[in-house]
Amino acid sequence: MRYKGISWDNELFAREDDPENGGDTIRSEGFHTQAGYFILREKLEIATRFSMVDPDTDISSDLKKEYSGGVNYYFLKHRSKIQTDFSHIITDKGGEGEMRDNIFSTQYQIVF
């Protein structure tokens with residue numbers, strides 16, 4: 001959805017993988033939802049995202065969650081832009097508890 005500087009995207013996925021060696025079928029599923037808002041029309045955008053993935057639905061302790069927030073600056077729309085974001089990732093490790101990671105990234109894109 002796009003409306004007056006506001007964006008909202010959602011995605012849901014489900015997958016089945018049948019190993020070549022004849023092992024059990026692996027079923028995975030997940031989703032993400034992302035929202036953004038242009039503070040400066042078509043130039044400066046803030047965004048947030050939440051995603052969750054279950055890599056194997058038969059295993060109860062392998063869930064992965066990601067919480068992210070970022071800022072994007074568009075010089076020439078998507079042809080030239082800089083993006084920076086911070087993500088907090090939580091991975092369920094079963095009886096070992098949770099593993100928590102923080103990722104900060106910045107990237108510049110130019111299309112010619």
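- Criterion: ILVMFWY side-chain heavy atoms under 4.5 Å apart, direct or through other members. Under it, Tyr73 and Ile39 are part of a common hydrophobic cluster.
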#### Entry: Step-by-step side-chain contact (heavy atoms from CB on, under 4.5 Å) determination, Ser7 to Tyr37
CA-CA 6 Å; Ser7 63; Tyr37 178 70; over 6 Å; no
### Task
Could you go through the side-chain contact (heavy atoms from CB on, under 4.5 Å) check for Ile89 and Ile103 one step at a time?
CA-CA 8 Å; Ile89 301 167; Ile103 299 172; 3.5 Å; yes
### Task
Begin from the C-alpha positions of Leu12 and Glu29 and carry the test side-chain contact (heavy atoms from CB on, under 4.5 Å) through to its verdict.
CA-CA 8 Å; Leu12 176 66; Glu29 54 189 42; over 6 Å; no
Result block: side-chain N/O donor-acceptor pairs under 3.5 angstrom for residues 105-112, not counting sequence neighbours:
from, atom 1, to, atom 2, distance (Å)
Ser105, OG, Asp85, OD1, 3.2
Ser105, OG, Asp85, OD2, 3.3
Thr106, OG1, Thr84, OG1, 3.0
Gln107, NE2, Gln83, OE1, 2.7
Tyr108, OH, Ser80, OG, 2.6
Gln109, NE2, His78, O, 2.8

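- Not less than 6.0 angstrom separates the ring centroid of Phe86 from the ring centroid of Phe104.
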### Task
Could you give me the CA-CA distance, side-chain angles and deciding distance for Val71 and Leu44, then say whether side-chain contact (heavy atoms from CB on, under 4.5 Å) is met?
CA-CA 7 Å; Val71 178; Leu44 183 63; 3.6 Å; yes
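- Looking only at side-chain heavy atoms (C-beta outward), Thr33 and Met52 stay at 4.5 Å or farther from each other.
- In this structure the side chain of Asp62 never reaches within 4.5 angstrom of the side chain of Asp92, judged on heavy atoms.
- In this structure, Tyr3 places its OH atom where only 12 or fewer heavy-atom neighbours from other residues, nucleotides or ligands lie under 6.0 Å away.
- Counting non-hydrogen atoms of neighbouring residues, nucleotides and ligands closer than 6.0 angstrom, the CG atom of Asn102 exceeds 12 such neighbours.
- With a 4.5 Å cut-off on side-chain heavy atoms, Phe38 and Ile46 do not count as touching.
- Using a 4.5 Å heavy-atom cutoff, the side chains of Phe50 and Phe31 are in contact.
- Among residues at least two apart or in separate chains, side-chain hydrogen bond (donor to acceptor under 3.5 Å, both in side chains) pairs with a member in residues 46-61 are Gln34-Arg49.
- Checked by atom type, the side-chain pair Glu42/Tyr74 shows no donor-acceptor distance below 3.5 Å.
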### Query
Where do Asp9 and Arg2 land on the salt bridge (charged side-chain N to carboxylate O under 4.0 Å, His left out) test, with the steps shown first?
CA-CA 9 Å; Asp9 298 301; Arg2 306 279 185 272; 3.1 Å; yes
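- In the displayed structure, Lys93 atom NZ is contacted under 6.0 Å by at most 12 heavy atoms of other residues, nucleotides or ligands.
- Remark: the backbone N or O of Phe75 is paired with a side-chain donor or acceptor of Lys43 at under 3.5 angstrom.
- Between the CG atom of Asp17 and the CZ atom of Arg27 there is a distance of 11.0 Å, given to the nearest 0.5 Å.
- A single hydrophobic cluster is seen to contain both Ile90 and Leu63, as judged by linkage of ILVMFWY side chains at heavy-atom distances under 4.5 Å, directly or through other members.
- By the criterion of side-chain heavy atoms lying less than 4.5 angstrom apart, applied directly or through intervening Ile, Leu, Val, Met, Phe, Trp or Tyr residues, Leu40 is grouped together with Ile6 in one hydrophobic cluster.
- Considering CD of Glu11 and NE2 of His32, their distance stands at 5.0 Å, rounded to 0.5 Å.
- A side-chain donor from one of Glu66 and Ser87 sits under 3.5 Å from a side-chain acceptor of the other.
- Residues Arg100 and Glu98 are paired through a salt bridge, judged by an N-O separation under 4.0 Å between the basic side chain and the carboxylate.
- Residue-environment remark: NZ (Lys65) stays at or below the threshold of 12 foreign heavy atoms within 6.0 Å.
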